[in-house]
2 protein chains.
Amino acid sequence: MAKQEGTLRKPGNHGDTSQCEHISRLIARISDKWTLLVVRVLGRGPCRFNALRREVGEISQKMLASTLRELEENGFVSRTVTPVTPPQVEYALTQLGTDFLKPVQSIADWAIRNSSRMDAARAAYSKRRANERAIPSR
Amino acid sequence: MAKQEGTLRKPGNHGDTSQCEHISRLIARISDKWTLLVVRVLGRGPCRFNALRREVGEISQKMLASTLRELEENGFVSRTVTPVTPPQVEYALTQLGTDFLKPVQSIADWAIRNSSRMDAARAAYSKRRANERAIPSR
DNA sequence: CTGGATCCGCGCGGATACTG
DNA sequence: CAGTATCCGCGCGGATCCAG
């Protein structure tokens with residue numbers, strides 16, 4: 001992501017040009033298949049690797065491991081190793097991760113409350129498309 | 001209905017399996033490189049195609065078009081064509097899209113407020129990794 | 001101006017096998 | 001149990017050309 005000068009500038013703008021960079025960076029980091037789901041599961045409390053895997057769903061070991069590593073890198077989760085046999089590794093949200101959970105939860109709550117509206121919109125859309133095809137020119 | 005409880009359950013049994021489906025579906029739809037950015041730009045007001053393109057940044061026509069089509073499909077944006085020459089197409093958030101803007105903005109605001117904390121966490125992480133590599137086994 | 005059509009590289013993410 | 005290593009298909013997303 002090379003820093004191209006002037007990609008977002010506009011005369012007489014609202015002035016959050018530099019802040020757009022922060023937003024884009026965050027979105028780039030959470031816009032993958034699993035991050036938000038993992039964060040949300042960890043929001044219920046600390047969890048070990050395989051337990052986490054079961055909670056999240058159909059995630060592969062590879063993706064869970066890499067997702068957790070990036071979350072740890074970003075300071076969202078902590079990784080605590082207990083050197084016993086068999087080894088125990090517990091993941092938990094940090095303070096930063098807990099803070100981040102709030103906006104994530106607001107999206108999750110929105111999804112739950114509005115999924116029916118989205119379904120209705122999709123149905124209306126496909127219906128409208130069908131009508132438009134039925135009237136190619138008038 | 002009043003404040004719906006239970007979106008966030010206790011560890012042990014969560015029981016919101018069906019709601020997870022809704023959340024996963026929404027995340028799958030917005031977890032791409034551009035959707036949230038486009039939604040956010042449209043949150044400032046209606047916008048035409050090329051103007052939108054300039055506002056968002058270095059997005060290609062193809063991705064902007066497909067992103068807008070999916071947003072329209074999900075009922076987040078409306079597409080209004082004015083048949084003149086040259087043709088005008090204006091995109092705007094629907095009511096659903098405007099509602100969705102709220103959680104999106106909460107994420108954007110979080111990104112702005114906490115980007116420095118994330119940077120610090122990343123710096124601390126790479127430093128910790130360097131120390132661990134300096135002590136491979138002891 | 002607003003896109004659709006096509007080609008293509010690259011990286012995400014799944015499957016499997018292996019290690020400590 | 002908690003990962004790493006490797007292979008690989010597929011689809012995202014960019015570039016370019018073309019059309020209404």
Side-chain angles (χ1 to χ4, degrees), chain A residues 1-2 4 7 24 27-38 41-42 46-74 77-92 125 129 132-133 135-138, chain B residues 24 27-38 41-42 46-74 77-92 125 129 132-133 135-138:
Chain A
M1 206 186 293
Q4 218 169 334
T7 50
S24 298
I27 289 179
R29 276 169 195 163
I30 69 175
S31 286
D32 69 284
K33 203 173 176 182
W34 301 109
T35 298
L36 291 183
L37 294 174
V38 170
V41 169
L42 283 177
C47 205
R48 290 172 54 187
F49 189 86
N50 276 340
L52 202 44
R53 207 181 149 194
R54 268 174 258 120
E55 294 286 331
V56 173
E58 293 311 304
I59 189 171
S60 61
Q61 316 90 315
K62 176 189 173 182
M63 290 319 297
L64 179 55
S66 70
T67 298
L68 286 170
R69 215 179 312 123
E70 287 190 3
L71 282 173
E72 192 193 356
E73 216 177 318
N74 294 332
V77 310
S78 63
R79 181 174 179 273
T80 311
V81 182
T82 308
V84 298
T85 51
Q88 283 189 6
V89 180
E90 200 165 74
Y91 293 92
Y125 177 82
R129 296 286 287 178
E132 285 169 9
R133 265 189 239 98
I135 315 168
S137 67
R138 168 106 15 143
Chain B
S24 299
I27 290 180
R29 278 170 194 161
I30 68 175
S31 286
D32 69 284
K33 201 172 176 183
W34 301 110
T35 298
L36 291 183
L37 294 174
V38 170
V41 169
L42 282 177
C47 205
R48 289 174 53 189
F49 190 86
N50 276 341
L52 202 45
R53 209 183 147 195
R54 282 186 296 269
E55 293 286 331
V56 172
E58 6 57 67
I59 188 173
S60 63
Q61 313 92 318
K62 176 190 174 183
M63 290 319 296
L64 179 55
S66 70
T67 299
L68 286 170
R69 213 181 314 122
E70 286 190 3
L71 283 172
E72 191 193 356
E73 217 177 317
N74 294 332
V77 309
S78 63
R79 181 174 179 273
T80 310
V81 182
T82 306
V84 297
T85 51
Q88 284 190 6
V89 182
E90 200 166 76
Y91 294 92
Y125 178 83
R129 295 286 287 179
E132 284 168 8
R133 261 188 243 98
I135 316 167
S137 66
R138 184 139 338 163

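Lettering follows sequence order; numbering is per chain, from 1. Excluded from the calculations below are hydrogen atoms, water molecules and symmetry mates; all remaining heavy atoms, backbone and side chain alike, are included.
- In the interface, the side chain of B/Lys33 is not paired with the base of D/dG13 through any donor and acceptor atom under 3.5 Å apart.
- Computed from coordinates, the B/Leu68 CG to C/dG4 C1' distance equals 14 Å when rounded to whole Å.
- Put simply, OH on B/Tyr91 and OG1 on B/Thr67 are 10.5 Å apart, with the number rounded to the nearest 0.5 Å.
- The distance between atom CD1 of A/Ile59 and atom P of D/dG3, rounded to the nearest whole Å, is 13 Å.
- Side-chain contact between A/Leu68 and A/Leu52: present, with at least one pair of heavy atoms (C-beta onward) separated by less than 4.5 Å.
- In the set D/dG3, C/dG14, C/dG3, the nucleotide with an atom closest to the side chain of A/Val89 is D/dG3.
- Out of C/dA15, D/dA2, C/dT2, the shortest distance to the side chain of A/Asn50 is found at D/dA2.
- Listed pair B/Arg48 / C/dT2 meets the phosphate criterion, a side-chain N or O lying under 4.0 Å from OP1 or OP2.
- Here the side chains of B/Leu64 and B/Trp34 are not in contact, with every heavy-atom distance at 4.5 Å or above.
- Between B/Tyr91 and C/dG3 there is a side-chain N or O to OP1 or OP2 distance below 4.0 Å.
- Atoms CZ (B/Arg69) and P (C/dG3) sit 9 Å apart, rounded to a whole Å.
- In this structure, A/Asp32 places its CG atom 16 Å from P of C/dG11, rounding to the nearest Å.
- Contact annotation: the side chain of B/Cys47 approaches that of B/Leu42 to within less than 4.5 Å [non-hydrogen atoms, C-beta and beyond].
- Spacing between atom CZ of B/Arg54 and atom C1' of C/dC1 amounts to 10 Å, rounded to whole angstrom units.
- One can place CE of B/Met63 at 16 Å from C1' of D/dT16, the figure rounded to the nearest angstrom.
- The side chain of B/Lys62 lies closest to D/dG13, out of C/dG14, D/dG13, D/dC1.
- Between the C1' atom of D/dG3 and the CD atom of A/Gln88 lies a distance of 15 Å, rounded to the nearest Å.
- Closest to the side chain of B/Ala65, from the set D/dG3, C/dG3, D/dG13, is C/dG3.
- Closest approach of A/Ser60 and A/Arg53 over heavy atoms only: C-NE, 4.3 Å.
- For B/Pro87, counting side-chain heavy atoms from C-beta on, the closest listed nucleotide (D/dG3, C/dT2, C/dG14) is C/dT2.
- With rounding to whole Å, A/Gln61 atom CD is found 12 Å from C/dA17 atom P.
- Contacts of B/Arg79 with the nucleic acid, taken as non-hydrogen atoms under 4.0 Å apart, involve only primed sugar atoms and P, OP1 or OP2.
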